[in-house]
Amino acid sequence: MRITSRLVAPFIQIYGIYVILHGHLSPGGGFSGGAIFGASLVLIALSFNLEAGVKQISHQTASILESGGAFGYVLTGLVAIVLGGNYLANRAAGFPMGQAGQLFSGGAILIITVFVGIKVASTIVTLFYNIIEGEK
Amino acid sequence: MLYIIIIFIIILTLFLRFILGVEARTLLTFYLLGLIIFLFSFTVAEMPPFGSPDNPAFNEVPRRYLESGVTETGAVNIISSVIIDYRAFDTLGEATVLFVAIAAVIATLKSH
């Protein structure tokens, strides 16, 4: 169990990052990719023990990533206002659009997807750790 | 047909209430549940067929998304362009729901 999960976890994490980064090109996105990435960390904590899971990503880091993801989302919307569009505008605010179909295209969509992915992954990890630890 | 159903319900009520001795509250609950099930089944039966081009959901809004979504947002995935560009404020609300959920869990489990 431990050997298998140690072998499988990096591939799950790479697949999660792939799903997040290709959210505007293929099925997936921030929510599903973040769930896959968080599931790999939960798998490590389940197959070893909680200390090994906490060593991967501590509570402090998880909560900073959690708040940072939400803050980055709001900040992207505010940057669109500064650039001269509406709140959370994409093309009207002048984000670089790129060639449709390439990895770096879609302007604000890629940025927001990455922030949402970070946020969902850290949410799942924080939820799991806190429920496992219980009232201590 | 309607009279037959009403007579059947009355006979069933009398039978359950006075011969089997079921309480009136329980009977009322079952009848209300049956009414809800009937209404839901009726609604589902009246819904337009799945995927038909004549459905009322296929109006000018999804047409605009499908025709000019790629040029307006630069994203090939139409779903992604809808949830993160056209409906980005809604997705911000979803992320806020996650944030509030995690805050509630920490506040409940870590309170000393």
Side-chain angles (χ1 to χ4, degrees), chain A residues 22-31 34 59 62-63 66-67 69-74 76-77 80 86-92 95-102 104-113 115-116 118-120 122-136, chain B residues 40 43-44 46-112:
Chain A
H22 285 246
H24 56 297
L25 300 177
S26 56
F31 286 94
H59 289 84
S63 60
E66 162 91 30
S67 313
F71 183 67
Y73 196 141
V74 176
T76 313
N86 289 325
Y87 185 62
L88 287 170
N90 188 2
R91 177 184 272 278
F95 279 101
M97 301 307 289
Q99 182 73 33
Q102 298 289 312
F104 293 104
S105 66
I109 291 181
L110 182 59
I111 304 168
I112 291 176
T113 309
F115 280 129
V116 168
I118 290 171
K119 185 170 160 38
V120 171
S122 59
T123 299
I124 288 176
V125 169
T126 315
L127 205 60
F128 180 74
Y129 288 168
N130 277 298
I131 290 176
I132 289 295
E133 284 175 357
E135 294 186 41
K136 268 199 292 192
Chain B
F40 280 176
T43 314
V44 169
E46 286 290 313
M47 275 171 74
F50 180 75
S52 166
D54 302 327
N55 283 355
F58 287 108
N59 51 16
E60 68 276 3
V61 177
R63 195 169 298 134
R64 163 85 183 267
Y65 289 165
L66 289 174
E67 282 170 358
S68 56
V70 175
T71 55
E72 280 185 355
T73 65
V76 182
N77 188 1
I78 300 294
I79 299 170
S80 195
S81 74
V82 169
I83 67 168
I84 296 185
D85 195 308
Y86 293 112
R87 301 274 182 269
F89 198 62
D90 182 43
T91 312
L92 179 61
E94 279 180 45
T96 313
V97 167
L98 276 177
F99 190 77
V100 172
I102 196 75
V105 165
I106 290 176
T108 312
L109 292 177
K110 295 275 176 180
S111 60
H112 294 289

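Here is the naming used below: chain letters follow the sequence lines, and residue numbers restart at 1 for every chain. Because the structure is predicted, anything quoted here is derived from the model rather than measured. Below, each value reflects all heavy atoms present in this structure, side chains not excepted, and no hydrogens, waters or symmetry copies.
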Heavy atoms only: give me the nearest Thr126(A)-Ile102(B) pair and the separation to one decimal. CB-CD1, 3.8 Å
Which atom pair, heavy atoms only, marks the closest approach of Ala75(B) to Ile109(A)? CB-CD1, 3.7 Å
So, the part of Ser63(A) with a heavy atom under 4.5 Å from chain B: the answer is neither
Of the listed residues (Val116(A), Leu127(A), Leu110(A)), which shares the most heavy-atom pairs with chain B below a 4.5 Å separation? Leu127(A)
When you look at OH of Tyr87(A), are more than 12 heavy atoms from neighbouring residues, nucleotides or ligands closer to it than 6.0 Å? yes
If one checks every heavy atom of Phe115(A) against chain B at 4.5 Å, the contacting part turns out to be neither
When Val76(B), Val105(B), Thr96(B), Leu92(B) are compared by non-hydrogen pairs under 4.5 Å with chain A, the top option: Leu92(B)
Side chain, backbone, both or neither: which part of Ile131(A) has a non-hydrogen atom closer than 4.5 Å to chain B? both
State the CZ-CD1 distance between Phe31(A) and Ile84(B), to the nearest 0.5 angstrom. 7.5 Å
All heavy atoms of Tyr73(A) vs all of Ala88(B), minimum pair found to be OH-O, 2.8 Å
With a 4.5 angstrom heavy-atom cut-off, which part of Ser26(A) approaches chain B: side chain, backbone, both or neither? backbone
Does Asp90(B), at its CG atom, have more than 12 non-hydrogen atoms belonging to other residues, nucleotides or ligands within less than 6.0 Å? yes
What are the two closest non-hydrogen atoms of Leu98(B) and Glu66(A), and how far apart are they? O-OE2, 4.5 Å
For Thr71(B), is it the side chain, the backbone, both, or neither that has a heavy atom closer than 4.5 Å to a heavy atom of chain A? backbone
CD1/Ile78(B): more than 12 non-hydrogen atoms of other groups inside 6.0 Å: yes
